[in-house]
Amino acid sequence: MSPEEEIILKDSKPTDFIREAVAEDLKNGRFKNVRTRLPPEPNGYLHIGHVKAFMIDYLVAKENGGELILRFDDTNPTKEETEFVEAIEEDARWLGIKWAKVTFASDYFDELYEWAKKLVLAGKAYVDDQTQEEVIANRGTLTEPGKNSPYRDRDVEENMDLLERMKDGEFPAGARILRAKIDMAHPNINMRDPAMYRILHEPHHRTGDKWKIYPLYDWSHGQNDSMEGVTHSLCSLEYENHRPLYEWFLDQLNVFKPRQIEFARLNMNYTVMHKRKLRRLVEENHVSGWDDPRMPTLRAMRRRGYTAEAILDFINRVGVAKNYSVSDVALLESCVREDLNKNSLRRMAVLKPLKVVIDNYPEDQTEEMDAINNPEYPNAGTRQVPFSKVIYIEQDDFRETPPPKYYRLFPGNEVRLRYAYFIKCTHVVKDDKGEVIEVHATYDPATQGGSASDGRKVKSTIHWVSAKHAKEAEIRMYDRLFTKEDPEEGDEGFLNCLNPNSLEILTGFVEPHLASPEIGSRFQFERLGYFCVDKDSTKEKPVFNLTVNLKDTWTKIEKR
RNA sequence: UGGGGCAUGGUGCAAUGGCAGCACACCAGCCUUUGGAGCUGUGGAUCUUGGUUCGAAUCCAGGUGCCCCAGCCA
């Protein structure tokens, strides 16, 4: 077992209602083993909402010594593409999910067709010639029963003949459907003679032109589960209404019958999760693409700097239940901070530079200062950071007139430059508009390394970069994409609460050790946050994405 | 007004007839060469009404609220 797998197992508590149900099934002999399936539709990229379902399927199998099948639900050729199959596998692998095999709903088209014929032969399914409008009109409403189709009592021979001809492409798309013969007055609308096959003259990404009819979800999914020996078919709450149908088909067929269990899907505040809405964000250029770091897709989160471990930890902490729920993105952020705090190297970077001249420091001198790479993990060692007369500090770390409780640099105040010296601000230089463009200070040579020999304390430590040695870098500061907790609430539409400040591009300076960092590597910029090297980086200019900021109590104090 | 489901601090999840707890968030303090991290502490919840019981978040009955279902999508 790999270390990542151990982490997953150790952190998962087998206490939710699904795990209890599975344990019970094993105990009472309903099933002798556990096999689950992961059923993504290959028509979009994975987002964090999928991760919850993926981890439940994966872990329930794993914890019970069973296996997981990755089965692509490709029953609709008009929407699905091979491109997504690869992307989904890649993302799932990144999460550390392992599957026994990859299958496709389309692998079972032949067998499924044979099963359909069995149902027709048994008088349990029929070909309906009604138009789509007629089918809808005769389905009834939530409170009124439907009406039987005039074709409902066709004899078996005619149904068999028509079904065969549907399959052979004799009829135009949409001309007929095969329906299960159940009960048009059933209070559950899914049981009012649901469609099993529709005619579609569309090429399929796997079966090409072979099929002119394609099964619908309800007719395909449970049968595929049965064929694959899936014991537990775990899905989201909206399929609860489909469970009677799932079971009806399997009962009529008299085949192995898996158990479907439903749970609440993951929702998260300040974001949208629906494929169609994510697509709009991309297509209408509100974001740069599916991997724009503000998106909730896994490729975007990866680019932003999220680790799989942090995402899995989040999913684990959210838990599994049947309550409709909306998780707080603050929990996700807390998880990634916790991970990165332990595991990322510290570096100094100045995002909004303000020049500081240390007047009493020798003009051409450079000193190498020892800096700790990760105080949470001493084995990460130290590095040397050059220091000289002119440095950059953060604009936020200087105020000409300090507000109450402001401990950083202001005229007359002394602060510590991290790993370097104490400096005291003497005066400032302003431009025509009265903006401070340069701060002057003096340093105390007796505070080398950051502590005073006389025991004198200083209230604040600020970070810096030597101007002479600094490397210019692009820093992309991300904030939540939407200004509302629930962007879909109300009728203005989610695009009307896009956060105009969700991306701010800065040009800052980073210490020499960040001059040409490896793409994808993660760092903590001291006192600022966690950053990940973007693929847009060049040799001349590295690009960093803000993963998440450090907790900032000062901003909180200042707001009060 | 049909059917299916769900109600526990701000959020998410526990407690499976026996002291309502955990995490995040929030607030206060300690500590600190990151106003980070860490440590300590405070406040805050069982939808409602009734019943059963020595004892109810849990069992029963009624009520209320919210979610899902009328694709030839999944």
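Just so we're on the same page: letters track the sequence lines, and every chain starts at 1.
- A close approach under 4.0 Å does occur between a side-chain nitrogen or oxygen of A/Lys556 and OP1 or OP2 of B/C27.
- How far CG of A/Asp74 is from CD of A/Glu81: 12.5 Å, rounded to the nearest 0.5 Å.
- Side-chain proximity of A/Ala195 to the nucleotides B/G12, B/C24, B/C72 is greatest for B/C72.
- In this model, the phosphate group of B/C67 is not approached by any side-chain N or O of A/Arg265 to a distance below 4.0 Å at OP1 or OP2.
- Residue contacts for A/Glu376: at a heavy-atom cut-off of 4.0 Å it reaches a base atom on one of the strands shown.
- When the P atom is used for both B/G36 and B/A25, the distance is 13 Å, rounded to whole Å.
- Of the candidates B/G4, B/C72, B/U1, the closest approach to any side-chain atom of A/Thr143 belongs to B/U1.
- In the model, A/Tyr377 has no side-chain atom that pairs as donor or acceptor with a side-chain atom of A/Asn343 under 3.5 Å.
- Toward the 5′ end of RNA chain B lies the nearest nucleotide of A/Asn269, the other residue of the pair A/Asn269 and A/Pro375 mapping further downstream.
- With hydrogens and angles left out, the side-chain atoms of A/Asn43 and A/Lys275 include a donor and acceptor closer than 3.5 Å.
- If you check every strand for non-hydrogen atoms under 4.0 Å, A/Tyr214 touches nothing.
- Backbone-only contact: A/Glu41 has heavy atoms under 4.0 Å from sugar-phosphate atoms and none from a base.
- Across all strands shown, A/Thr461 has heavy atoms under 4.0 Å from sugar-phosphate atoms exclusively, and none from any base.
- Annotation: cation-pi pair A/Arg179/A/Tyr126 absent, no NZ/CZ under 6.0 Å from the ring centroid and within 45° of its normal.
- Across all strands, A/Thr131 comes closer than 4.0 Å to base atoms (heavy-atom distances).
- Dashed line: the shortest gap from a side-chain N or O of A/Lys551 to OP1 or OP2 of B/A37 is under 4.0 Å.
- Contact annotation for A/Glu262: no contact, since no heavy-atom pair falls under 4.0 Å across all strands.
- B/A20 and B/A56 have their C1' atoms separated by 12 Å, given to the nearest Å.
- The line from CZ of A/Arg198 to CD1 of A/Ile213 is 10.5 Å long, rounded to the nearest 0.5 Å.
- Within 4.0 Å (heavy atoms only), A/Pro145 reaches no atom of the nucleic acid at all.
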Shorter than 3.5 Å, N or O on both sides, protein versus nucleotides 69-71 of chain B: list them out with atom names.
{"from": "B/C69", "atom 1": "O4'", "to": "A/Asn241", "atom 2": "ND2", "distance (Å)": "3.2"}
{"from": "B/A70", "atom 1": "O2'", "to": "A/Arg139", "atom 2": "NE", "distance (Å)": "3.3"}
{"from": "B/G71", "atom 1": "OP2", "to": "A/Arg139", "atom 2": "NH2", "distance (Å)": "3.2"}

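- Among the heavy atoms of the strands, none lies under 4.0 Å from A/Glu134.
- For residues 335-348 of chain A, proximity to RNA chain B is found at A/Asn341, A/Arg346, defined as any non-hydrogen atom under 4.0 angstrom from a strand atom.
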request  = For each nucleotide in nucleotides 13-23 of chain B, reading 5' to 3', give B when a protein heavy atom comes within less than 4.0 Å of its base, S when such contact involves only the sugar-phosphate, and - otherwise.
outcome  = SS-B------S
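- No contact: A/Phe422 has no heavy atom under 4.0 Å from any strand.
- Scored by the ring pair (Phe, Tyr, Trp, His ring centres under 6.0 Å) test, A/Phe263 finds no partners at all (sequence neighbours excluded).
- For the pair A/Arg176 and A/Phe171, the distance from NZ or CZ to the six-membered ring centre is under 6.0 Å and the angle to the ring normal is within 45 degrees.
- Taking every heavy atom of both residues into account, A/Ala310 and A/Val336 meet most closely at CB-CA, 3.6 Å.
- Here the side chain of A/Asp328 is nearest to one of B/G12, B/G4, B/G10, namely B/G10.
- Note: A/Phe54 CZ to A/Leu59 CG = 13.0 Å, rounded to the nearest 0.5 Å.
- Taking atom P in both B/G4 and B/G62, one finds a spacing of 14 Å when rounded to whole Å.
- Remark: the A/Glu367 side chain and the A/Gln448 side chain contain an N/O donor-acceptor pair separated by less than 3.5 Å.
- Contacts of A/Arg408 with the nucleic acid, taken as non-hydrogen atoms under 4.0 Å apart, include base atoms.
- For A/Asp313 (side chain) and A/Cys335 (main-chain N/O), no donor-acceptor pair under 3.5 Å exists by modelled atom type.
- Without hydrogens or angle criteria, A/Arg399 side chain to A/Phe410 main chain gives no donor-acceptor distance under 3.5 Å.
- Taking a pair as Watson-Crick or G-U with both hydrogen-bonding distances under 3.5 Å, the stems of three or more pairs touching RNA chain B are B:2-7 with B:64-69, B:10-13 with B:21-24, B:27-30 with B:38-41, B:47-51 with B:59-63.
- When the side chain to side chain donor-acceptor pair (under 3.5 Å) test is applied to A/Glu83, the partners found at least two apart in sequence or on another chain are A/Tyr45.
- The environment of CZ in A/Arg265 is sparse: at most 12 heavy-atom neighbours from other residues, nucleotides or ligands sit within 6.0 Å.
- At the phosphate of B/G36, OP1 or OP2 sits under 4.0 Å from a side-chain N or O atom of A/Thr553.
- In this structure, A/Tyr197 reaches neither bases nor backbone, as no heavy-atom distance under 4.0 Å exists between it and the strands shown.
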